[in-house]
Amino acid sequence: MIPNGDGKPESNKVDPEQLTRLLDMELAQKRTEWTQASTRYQKIRVMSLLFLALIVVGALLAFFFLFTRLTQERPHPGAPPAAASSPSG
């Protein structure tokens, strides 16, 4: 009880139904914010995983082409070297 200006106590009457409705509205708003935030974070997570997958695939392709080039440029082990095949006199 709160005293009013006249010094008489004034009781605060709070309607429980109104309080319940206000709490329900606030919780509904919070729930909407949470779902929007979770959707946003889920999109960010998916995009980051796709980016990481592209980086890994790109690195694998680069290594594949690099190693195929190295094996093409290397002489075969059974063939004699070009300098040793010329007759020396």
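Count residues from 1 along the sequence.
Considering all non-hydrogen atoms of both residues, Thr71 and Thr68 come closest at OG1-O, 2.9 Å.
The hydrophobic clustering, which links ILVMFWY residues whose side-chain heavy atoms are closer than 4.5 Å, places Leu70 and Phe63 together.
With values rounded to the nearest 0.5 angstrom, Leu22 atom CG is found 8.5 Å from Glu26 atom CD. Taking OG1 of Thr32 as the start and CG of Leu27 as the end, the distance is 10.5 Å to the nearest 0.5 Å. Interatomic distance, Leu49 CG to Leu54 CG, rounded to the nearest 0.5 Å: 11.0 Å. The CE atom of Met25 sits 12.0 Å away from atom OG1 of Thr20, with the distance rounded to the nearest 0.5 Å. Atom CG of Leu23 is separated from atom CD of Gln18 by 10.5 Å, given to the nearest 0.5 angstrom.
A search for side-chain contact (heavy atoms from CB on, under 4.5 Å) contacts involving Gln29 returns nothing, not counting sequence neighbours.
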